[in-house]
Amino acid sequence: MAKFILPKKSKVKKGEKFDADHDGDNTKKFSVYRWNPDEDENPRMDEYNINLDECGEMVLDAIIYIKDNVDSTLTFRRSCREGICGSCAMNIDGRNGLACLTPINEIKGDVKITPLPHMPVVKDLVPDLNHAYAQYASIEPWMKTDSPAPTRERLQSPEDAQKLNGTDGKGPSGCILCFCCSTSCPSYWWNPDKFMGPAVLLNAWRWLTDTRDEAKGERLDQLEDPFKLYRCHTIMNCTNACPKDLNPAKSISEIKKLMVERHS
Amino acid sequence: MVKSNNSIQSDLGKAKGLGSAHTGTHHWLMQRVTAVASVPLVFWVVYSIFKLQGADYAAFTTWLASPVNAVLSILFVLNSFYHAMLGNQVIIEDYISCRWFRMTKLIGMKLFFIALGVACIFSILKISFAGGM
């Protein structure tokens with residue numbers, strides 16, 4: 001049944017304040033979600049007032065600065081710091097995005113940072129993505145063929161390759177699996193156990209549209225389900241959230257078109 | 001949020017669940033077909049309501065008894081209730097996660113719309129063939 005009351009210790013409270021602006025003129029306040037599974041406490045929003053002249057220009061630079069100089073207990077994921085690994089996906093100022101691609105000066109007022117919405121939290125800004133990764137694995141994101149393997153590369157025309165890459169480089173193969181889109185989708189919030197979510201469906205389309213793949217029917221069979229695919233109601237938060245400017249909503253529409261095509 | 005559960009089932013096992021139901025396309029397509037079909041039907045209903053403004057019972061039953069109006073009315077009822085049934089199904093599937101409650105609500109809702117549709121069509125036919133009294 002629906003629960004109308006939040007579980008115990010889930011209400012986010014005010015946290016500590018750290019003043020590390022060193023009396024600079026160019027300062028900014030970062031309000032960051034903190035939760036530690038080892039402490040039996042509510043989550044809290046800690047406030048860090050920092051001097052922007054002392055750190056880089058992206059939000060990721062600021063949180064690295066905080067970890068290095070203000071509060072070493074702050075936990076987050078990051079790797080490439082140039083928008084290709086997808087590790088630093090988080091909710092910044094109410095919008096899902098990559099901290100490394102979000103300039104601090106584009107955010108008016110204080111910067112509020114929380115983990116990706118509606119995922120279990122491991123610690124602070126680190127969400128548990130195991131289920132999303134397992135859903136990705138369930139669509140078997142690799143090339144499946146019945147014809148014997150050629151002695152050289154599998155050939156594809158430039159036009160067919162463009163379906164994957166996109167004429168503007170923003171085709172489905174540009175997905176970095178940061179899950180900004182899936183965690184911005186209300187349908188994924190309500191039914192994450194069964195709905196695949198936009199990130200996984202975009203990747204399903206990436207294989208459906210690959211002319212070298214020979215398992216289209218099998219892939220469509222696996223997706224044809226009221227929950228796996230048809231929980232998508234074209235809300236388009238996914239396309240709005242994608243930090244790589246891809247279009248998961250369009251990919252899902254293309255899958256739905258193929259479904260109709262093979263029935264008619 | 002995926003509910004944490006203490007089962008030691010693998011993540012992939014949980015994600016695959018019971019597999020695909022191999023349905024949904026017909027539902028999705030019919031929702032769109034009935035939506036498009038409702039455009040001319042709703043125009044006709046609104047036009048008819050305006051035309052019949054101030055008409056008494058006898059005038060209205062005479063109007064409804066004509067074959068064209070009776071057929072269009074039945075089509076309107078069938079199309080609207082079928083569309084409503086499909087739409088309600090989506091809402092229930094979206095928002096009710098408890099399995100038995102979802103199933104009960106889905107069946108109850110469908111029976112409700114079928115009963116309502118049959119009652120409407122019976123009324124139209126009765127007026128059409130028996131003059132309404």
Side chains of [X] and [Y] in contact at under 4.5 Å (non-hydrogen atoms):
X       : Y       : value
H131(A) : D11(B)  : no
T23(B)  : P226(A) : yes
S20(B)  : L223(A) : no

Let me confirm one number: the [atom1]-[atom2] distance from [X] to [Y], rounded to the nearest 0.5 Å.
X       : Y       : atom1 : atom2 : result
E93(B)  : K194(A) : CD    : NZ    : 8.5 Å
M259(A) : H26(B)  : CE    : NE2   : 15.0 Å
T25(B)  : R262(A) : OG1   : CZ    : 7.0 Å
Q135(A) : K14(B)  : CD    : NZ    : 12.0 Å

Are there over 12 heavy-atom neighbours, none belonging to [X], within less than 6.0 Å of that residue's [atom1]?
X       : atom1 : answer
K123(A) : NZ    : yes
R78(A)  : CZ    : no
D56(B)  : CG    : yes
K13(A)  : NZ    : no
K216(A) : NZ    : yes
K244(A) : NZ    : yes
M103(B) : CE    : no

Does any heavy atom of chain A fall under 4.5 Å from the side chain of [X], the backbone, both, or neither of them?
X      : value
H27(B) : neither
L29(B) : side chain
R99(B) : neither

Proximity breakdown for [X] and chain B, heavy-atom pairs closer than 4.5 Å:
X       : value
Y136(A) : neither
N191(A) : side chain
Q222(A) : backbone

If the condition is salt bridge (Lys or Arg N to Asp or Glu O under 4.0 Å), which residues does D213(A) pass it with, not counting sequence neighbours?
R219(A)

Where D94(B) and W190(A) come nearest, the two heavy atoms and their spacing:
O-CB, 3.6 Å

Looking only at heavy atoms and a cut-off of under 4.5 Å, which of S10(B), G19(B), G17(B) has the most pairs with chain A?
G19(B)

With sequence neighbours excluded, residues passing ring pair (Phe, Tyr, Trp, His ring centres under 6.0 Å) with W44(B):
W63(B)

